[in-house]
Number of protein chains: 2
Amino acid sequence: MVRWQPGAFERLRSAALELFEETGYEQATVAGIAARAGVTERTFYRYFADKREVLFAGGEDLQRLMADAVAAAPHTDDAARLVAVALDALATAFPDELRAHARRRGAVVKSQPALLEREMLKLESLKATLSTALAKHGVAPVRAAVAAESAVGVFHVSFARWVADGEERSMAELQQEALEELRAVVMWV
Amino acid sequence: MVRWQPGAFERLRSAALELFEETGYEQATVAGIAARAGVTERTFYRYFADKREVLFAGGEDLQRLMADAVAAAPHTDDAARLVAVALDALATAFPDELRAHARRRGAVVKSQPALLEREMLKLESLKATLSTALAKHGVAPVRAAVAAESAVGVFHVSFARWVADGEERSMAELQQEALEELRAVVMWV
DNA sequence: TGATTGATGTCAGCTTCTGACATCCGAGTC
DNA sequence: GACTCGGATGTCAGAAGCTGACATCAATCA
């Protein structure tokens with residue numbers, strides 16, 4: 001009766017993840033996802049820029065969370081301290097309740113280079129945001145850029161471990177450990 | 001007369017770069033590139049997996065160069081030393097003669113998120129290669145992963161600067177400087 | 001009731017990318 | 001010189017991703 005039920009966005013996300021799990025990313029068509037969500041293909045593209053993006057919606061929230069945390073940090077140009085603030089903020093975005101869903105999503109992403117590619121672009125965007133945020137605190141450009149690369153690198157490695165089978169430690173713990181490993185490497189030079 | 005001139009691969013690469021510069025990446029069609037190179041669209045796809053890839057051919061060489069250098073390094077599990085070896089190897093792949101071409105290519109890549117995305121995937125691949133190479137030397141997995149993230153981060157930042165307008169320093173110098181900045185950040189924690 | 005606005009549907013069309021098969025050129029063989 | 005064989009290319013058809021333009025429907029408010 002009704003032409004459209006509310007929540008098309010969420011329905012599309014769920015439908016896509018399910019279909020990707022069932023048939024594989026490539027086999028699943030946008031038309032198929034849309035049909036499962038009860039809308040047309042055209043509507044899919046009104047919510048998501050492309051087929052891949054349906055798995056990456058909400059990435060801006062993560063950036064804003066991190067950027068706000070750094071911006072609100074006590075005034076300092078100590079890059080290391082600001083990086084710690086950024087990592088703490090990121091950790092809060094991945095509570096244990098989300099791990100099960102993150103694993104499902106991660107399995108799909110890992111299966112397809114095109115999706116890994118998009119994930120890397122999101123991380124690059126995160127790097128750029130962090131670098132800018134650091135620079136606003138007075139960190140010199142090159143130092144800010146390198147710090148952002150390493151910080152997001154720590155996040156990336158930790159996230160991969162957080163999602164890995166059997167892993168139970170929190171993002172905060174894993175990031176702490178990764179950061180210590182980074183220290184151990186750099187100290188030795 | 002002749003059905004095909006040798007060197008289709010190089011002709012396609014040149015034609016693509018030129019056309020991208022003239023009309024922009026999105027406006028340029030694969031058919032247009034192929035026509036300019038004197039070949040059909042189908043042949044383009046025999047050389048390059050997709051439209052973007054024409055700007056990234058040769059990435060495997062870079063990986064091999066780095067992997068070989070690390071593999072040939074004196075036996076040690078000192079990650080910092082191995083990272084230095086990897087960065088030195090990477091620097092040799094970017095002599096000043098290549099800078100002009102790298103700038104043209106870089107301008108196109110920077111103009112299009114889809115291309116930036118592919119570039120990030122290549123860097124991710126480089127990270128994976130380095131992480132594996134470090135692990136083969138006995139570096140613990142997490143440490144290897146974090147070290148690879150930071151090392152490729154240093155490379156990335158340095159490469160961006162190397163290609164930037166007005167920059168004249170060598171990749172080796174820029175990487176050295178970036179590495180020192182990284183040290184300064186991490187030391188402070 | 002009527003106007004307005006936002007979400008959706010419909011449709012046409014371009015482009016990317018792939019599979020299948022035919023064709024041509026060059027190199028070696030007899 | 002004729003034959004053959006393999007690699008590179010051309011031809012063709014078609015699926016799927018994506019976009020612009022325009023119509024339609026439902027909720028809201030005047």
Side-chain angles (χ1 to χ4, degrees), chain A residues 1-57 108-109 111-119 121-122, chain B residues 1-57 108-109 111-119 121-122:
Chain A
M1 294 306 106
V2 288
R3 182 167 185 179
W4 51 277
Q5 299 285 343
F9 181 84
E10 275 307 327
R11 285 206 314 281
L12 282 165
R13 292 221 300 176
S14 301
L17 183 55
E18 289 167 17
L19 206 52
F20 292 162
E21 288 176 329
E22 290 171 19
T23 73
Y25 174 79
E26 286 191 307
Q27 286 304 311
T29 67
V30 173
I33 296 168
R36 180 178 289 222
V39 295
T40 60
E41 187 176 358
R42 192 67 184 85
T43 291
F44 177 95
Y45 286 108
R46 290 199 173 98
Y47 285 100
F48 306 100
D50 57 48
K51 182 181 172 186
R52 289 179 273 166
E53 198 63 20
V54 70
L55 283 173
F56 295 90
V108 175
V109 170
S111 75
Q112 197 60 223
L115 295 173
L116 185 56
E117 200 172 11
R118 179 58 51 86
E119 185 136 286
L121 184 63
K122 299 293 182 183
Chain B
M1 293 302 105
V2 288
R3 183 165 185 179
W4 51 277
Q5 299 284 345
F9 181 83
E10 275 308 327
R11 284 205 318 280
L12 281 166
R13 290 220 299 176
S14 302
L17 183 54
E18 289 168 18
L19 206 52
F20 292 162
E21 287 176 329
E22 290 171 19
T23 74
Y25 174 79
E26 286 191 307
Q27 286 304 311
T29 67
V30 173
I33 296 167
R36 179 177 289 222
V39 102
T40 60
E41 186 177 355
R42 192 65 183 86
T43 292
F44 177 96
Y45 286 108
R46 290 198 172 97
Y47 284 100
F48 307 100
D50 56 49
K51 183 181 172 186
R52 289 179 274 167
E53 198 63 19
V54 70
L55 283 173
F56 295 89
V108 175
V109 170
S111 75
Q112 196 59 224
L115 295 172
L116 184 56
E117 199 172 10
R118 180 56 52 86
E119 185 135 286
L121 184 63
K122 299 293 182 183

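Residue numbers start from 1 in every chain, and the chains themselves are labelled A, B, ... in the order their sequence lines are given, proteins ahead of strands.
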When the distance from [atom1] of [X] to [atom2] of [N] is rounded to whole Å, what number comes out?
{"X": "B:R42", "N": "C:dG19", "atom1": "CZ", "atom2": "P", "value": "8 Å"}
{"X": "B:R52", "N": "C:dT15", "atom1": "CZ", "atom2": "P", "value": "18 Å"}
{"X": "A:E53", "N": "D:dT19", "atom1": "CD", "atom2": "P", "value": "12 Å"}
{"X": "B:I33", "N": "C:dT15", "atom1": "CD1", "atom2": "C1'", "value": "12 Å"}
{"X": "B:Y45", "N": "C:dA20", "atom1": "OH", "atom2": "C1'", "value": "18 Å"}
{"X": "A:E41", "N": "C:dT10", "atom1": "CD", "atom2": "C1'", "value": "12 Å"}
{"X": "B:Q112", "N": "C:dT16", "atom1": "CD", "atom2": "P", "value": "12 Å"}
{"X": "A:K51", "N": "D:dC18", "atom1": "NZ", "atom2": "P", "value": "8 Å"}

How close do A:L19 and A:G32 get, heavy atom to heavy atom, and via which atoms?
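Result for this residue pair: CD2-C, 3.8 Å.
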
Heavy atoms only: give me the nearest B:E41-B:A31 pair and the separation to one decimal.
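Closest heavy-atom pair between B:E41 and B:A31: OE1-CB, 3.9 Å.
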
D:dT9, OP1 or OP2 - any side-chain N/O from B:Y47 closer than 4.0 Å?
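Yes, within the criterion.
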
Quick check on D:dG10: is either OP1 or OP2 less than 4.0 Å from any side-chain nitrogen or oxygen of B:T40?
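Yes, within the criterion.
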
What parts of residues 16-29 of chain B reach DNA chain C, counting only heavy atoms under 4.0 Å away?
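Heavy-atom cutoff 4.0 Å gives B:A28, B:T29.
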
Sub-3.5 Å donor-acceptor pair from the side chain of B:S111 to the main-chain atoms of B:V108, do we have one?
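Yes; judged by distance alone, with no hydrogens or angles, the pair exists.
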
Checking A:R118 side chain against A:R52 main chain: does a donor-acceptor pair fall under 3.5 Å?
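Judged by distance alone, no pair lies under 3.5 Å.
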
Report yes if some heavy atom in the side chain of A:V30 is under 4.5 Å from a heavy atom in the side chain of A:F48; otherwise report no.
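A side-chain contact under 4.5 Å is absent here.
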
Any N/O donor-acceptor pair, B:R46 side-chain to D:dG10 base, under 3.5 Å
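Such a pair exists between side chain and base.
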
From the options C:dG9, C:dT16, D:dC18, select the nucleotide whose nearest atom is closest to the side chain of A:D50.
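Nearest listed nucleotide: D:dC18.
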
Where the side chain of A:V39 is concerned, which of C:dG9, C:dT18, C:dT16 is the nearest nucleotide?
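Looking only at heavy atoms from C-beta outward on A:V39, the closest nucleotide is C:dG9.
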
Cation over ring, B:K51 on B:Y25, under 6.0 Å and within 45°?
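Geometry flag: set, cation within 6.0 Å and 45°.
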
Around atom CD of A:E10, are there more than 12 heavy atoms of other residues, nucleotides or ligands at under 6.0 Å?
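Yes - once you tally the heavy atoms of other residues, nucleotides and ligands closer than 6.0 Å, there are more than 12.
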
